[in-house]
Every structure is written in structure tokens, then in C-alpha cells.
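Just so it is clear, the model here is predicted, and its values are computed rather than measured.
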Amino acid sequence: MTTTTSWTVANSRKLAREERRRRLGPLSVLTHVALLLWTVLVAVPILWTFLASVKSEDEIFGDAWSLPATLRWDNFARAWDQAHIGQYTLNSVIVVVFSVSGTMLVGSMAAYVLARYPFRANRAIYLLFVSGLAFPVYLALTPLFFVVQNMGNVPLIGPFIGLNTHAGLVLVYIAYSMPFTVFFLAAFFRTLPTAVAEAAMVDGASHTRVFFQIMLPMARPGLISVTIFNILGQWNQYQLPLVLLQERDKWVLTQGIADISTAAGYDQDWSALFAALTLAILPMLVVYSVFQRQIQSGLTAGALK
């Protein structure tokens, strides 16, 4: 009985795939070709970076795809210690942890209110957030610099949130990530059923309790997806820390990698540079690999409901 059922399910899936392929026709072939080309364009540079990270400089400038004679793990030690990549990585972790946590807390609350509570200025505030997606942050670097500089003059907390402070960079990251976070989560919160929240409020639950104990768990797929996108975006950010962090001991990972490539002109340590790039890429690959299913379910949940 089990064998027959399994065969029936497999046959149904095969027929569905054939029907979908027949319906799409040439479009399906073009789609697969485009995805294959995109995979090659993304994967080849990453694989080459990993390979170059364990080569000597002579091997790097020789045959690009030749295997190293010996695996030079000292490249990583040199990048970690001499180029201070270890310190820069720690700084990046601290900044990203606090900035992503703040972004998700503030962004989810704002998105929930805009999605579930109608009020007079609701649409205008939502459009103000969404308009931030169309505004390049690079156009605001000069005024942003002076704003953060002036924040350093605020009594008591100024020295902790001004220029050359991680807290100041965290606040800028939160503001920078809010438009996408609110845009995505507001659309997701609108798809959630209201019956459970209404039942909880009838039982005496406050708005705060409904949000944190009922709505947030229901929105988990969307929250995970937005969290991963924010981690990737903030981890790879270079322009903002370049403007706001001038002190070397405050630098984040992207600044440290750029410093390796520019500090000594044509005499820079290429092996250590590729080792540092590998150290920067691997954590994000691990994060995406671990949460891949949650990201996909979060992106499709709103469309399926």
C-alpha cells in the first residue's frame, strides 16, 4: 500500500513538472540558461578567492586556476594578526549585532502599526518610509557627517554616539535599513489573520502583549528573511563606516580589507588580502546556508496567504 502511494505521488509530481514545462515552453529554457549564467558569474569569483587565499603571491600571478603546491594557512594568520583583521572582524560583529537588533525591533513595531492600525497620517508615514528606498545614501554623506558630528555635542551621551563611535554607526545603520524593513514587514503583517489577535484582546491582552506574544511569532518567516538581508547589507557596508570612523582601532572589516589593498601600493600582501576576503565571505555564506529555507519561506509566505 505504501509503495503504491509513493509511486502515485512521484508520478503526480512528474506529470506536474511535465505540464509546467510544456506550458512555459521556450521561456523555461531561457530562464534556466539565465540562472546558470548568473550562478557562474557569482560562484567563479568566490571560488577563485578561496583558492587564492591559500596560494603564494607567485602562484596567484601565475596560472589563475592552478592548485597551490602547498596550502599556505599562514596567509590567514598574517591577515588576522599583522593586518588586524581579527580586531576589525570583532568590531563588525559588535556593530552588526546591535544595529540589526535595533533595526528589527523598531522596524517591526513601525511596520505593525502602519499595517494594522488605521489613522489619519498612516498612508503618508508609510510612503515616507518607502521613499527612502529611492534615495541613495551617498547623496547624504556630507550632511550625515555633520549630523553625527553634532550628535557628539549632546550632553551626557554625546561622546558615545558621535563620530568615531560604534554606537553612532549603529544608529546610522538602523536609519539606513528602516525603509526596506518597514516596506517588507508592513506587507507581511497585512497578510496575517486578525482573528487570533482580536480573540486575545477580547480576553484582556494589551496591544503590546498581542504584538510580542502573538503577532511576532506568526510573522517569524518574514522576520527571519528581513533579518538576513539586513545582516548581509550591514556586514558589507563600506561607504558609511569610511565616512564616520576615522580612528583605526574603530574600523570595521570592510575598512580593514580596503586598507590591505591600498596601504603599500603595488607591494601589498596579496595573499593576506585574499585570506581576509575569505574570512569576510565565509560567515555570510554560513548564515545564508543555515537560514536558506526560512528566507525562501518568508519571501513566499505573503504571496501564498
Check your understanding: Residues in ring pair (Phe, Tyr, Trp, His ring centres under 6.0 Å) with F274, at least two apart?
Key -> W48
**Study point:** P193 versus R116, closest heavy-atom pair with distance
**Key:** O-NH2, 3.6 Å
Point to revise | Heavy-atom neighbours of R190 CZ exceed 12 at 6.0 Å | key: yes
Check your understanding: In Å, rounded to the nearest 0.5 Å, how long is the span from CG of L185 to CZ of F188?
Key -> 8.5 Å
**Study point:** Heavy-atom donor-acceptor pair, N75 side chain to A275 backbone, under 3.5 Å
**Key:** no
Point to revise | Side-chain donor/acceptor of N91 to backbone N/O of D249, under 3.5 Å | key: yes
Practice item. Measure the CG-OG1 distance between L273 and T278 for me, rounded to the nearest 0.5 Å. Key: 9.5 Å
Pairs under 3.5 angstrom only: tabulate donor-acceptor contacts from the side chains of residues 159-178 to other protein residues two or more places apart or in another chain.
| from | atom 1 | to | atom 2 | distance (Å) |
| --- | --- | --- | --- | --- |
| N164 | OD1 | Q246 | N | 2.5 |
| N164 | OD1 | E247 | N | 3.2 |
| T165 | OG1 | F160 | O | 3.4 |
| T165 | OG1 | G162 | N | 3.4 |
| T165 | OG1 | G162 | O | 2.5 |
| T165 | OG1 | G168 | N | 3.1 |
| H166 | NE2 | K250 | O | 2.9 |
| S177 | OG | Y173 | O | 3.0 |
| S177 | OG | Q234 | NE2 | 2.8 |

Review point. Can you tell me how far OH of Y138 sits from CG of L144, rounded to the nearest 0.5 angstrom?
Key: 12.5 Å
Review point. Where do A111 and A186 come nearest, in terms of heavy atoms and distance?
Key: CB-N, 3.5 Å
Practice item. Could I get the full list of side-chain hydrogen bond (donor to acceptor under 3.5 Å, both in side chains) partners for Q255, not counting sequence neighbours? Key: none
Check your understanding: Which residues satisfy the side-chain hydrogen bond (donor to acceptor under 3.5 Å, both in side chains) test with S92, sequence neighbours excluded?
Key -> none
Review point. How is the hydrophobic cluster of L139 composed, in terms of its other members, when Ile, Leu, Val, Met, Phe, Trp and Tyr link through side-chain heavy atoms under 4.5 Å apart, directly or indirectly?
Key: F135
Exercise for review: Decide whether T254 and N236 meet the rule of one side-chain donor and one side-chain acceptor closer than 3.5 Å.
Suggested key: no
Review point. I46: which other cluster members, linking ILVMFWY side chains closer than 4.5 Å, directly or transitively?
Key: W38, V42, F50, I281, L282, L285
**Study point:** Any donor-acceptor pair under 3.5 Å from Q237 side chain to Q239 backbone
**Key:** yes
**Study point:** Contacts of D74 that satisfy side-chain contact (heavy atoms from CB on, under 4.5 Å) - sequence neighbours left out
**Key:** R72, R78
Point to revise | Partner set under side-chain contact (heavy atoms from CB on, under 4.5 Å) for L216, not counting sequence neighbours | key: S108, F189, F211, F212, L223
Exercise for review: For I85 and I260, run side chain to side chain contact (heavy atoms under 4.5 Å, CB included): C-alpha distance rounded to whole Å, both residues' side-chain angles, the deciding distance at 0.1 Å, then the answer.
Suggested key: CA-CA 10 Å; I85 293 299; I260 296 175; 3.9 Å; yes
Study note, to complete from the structure: On a heavy-atom basis, the closest approach of I60 and A52 is CD1-O, 3.7 Å
Exercise for review: Can you measure from CE (M151) to CG (L244) and round to the nearest 0.5 angstrom?
Suggested key: 9.5 Å
Practice item. Look at the side-chain heavy atoms of Ile, Leu, Val, Met, Phe, Trp and Tyr, link any pair under 4.5 Å apart, and say whether L279 and V290 land in one connected group. Key: yes
**Study point:** Any donor-acceptor N/O pair, E59 side chain to S56 backbone, under 3.5 Å
**Key:** yes
Check your understanding: What heavy-atom pair brings P179 and F129 nearest, and what distance separates the two atoms?
Key -> CB-O, 3.2 Å
**Study point:** Hphob cluster co-occupancy, V182 + L128, side-chain heavy atoms under 4.5 angstrom
**Key:** no
Point to revise | Smallest separation among heavy atoms of P45 and V40, with atom names | key: CD-O, 4.0 Å
Practice item. Not counting sequence neighbours, which residues clear side-chain contact (heavy atoms from CB on, under 4.5 Å) with P283? List them please. Key: W235
Revision key, fill the gap. Apart from Y238 itself, its cluster of hydrophobic side chains linked below 4.5 Å comprises L242
Practice item. Output all residues satisfying ring pair (Phe, Tyr, Trp, His ring centres under 6.0 Å) with Y117, sequence neighbours left out; order by chain, then residue number. Key: Y112, H207
**Study point:** Nearest-0.5 Å distance that lies between atom CD1 in I231 and atom CE in M104
**Key:** 9.0 Å
Check your understanding: Has the side chain of N230 got a donor or acceptor atom that lies under 3.5 Å from a matching backbone atom of V100?
Key -> no
**Study point:** Rounded distance (nearest 0.5 Å) linking atom CE of M284 with atom CD1 of I228
**Key:** 8.5 Å
Practice item. Quick one: closest heavy-atom pair of S66 and L51, and the distance? Key: O-CD2, 3.8 Å
Check your understanding: Between V252 and Y88, is a side chain to side chain contact (heavy atoms under 4.5 Å, CB included) present by the stated rule, with each step listed?
Key -> CA-CA 5 Å; V252 295; Y88 301 148; 6.0 Å; no
Point to revise | Sequence-distant partners of V154, side-chain contact (heavy atoms from CB on, under 4.5 Å), two or more places apart | key: I157
Review point. With a 4.5 Å heavy-atom cut-off, do L114 and R123 have their side chains touching?
Key: no
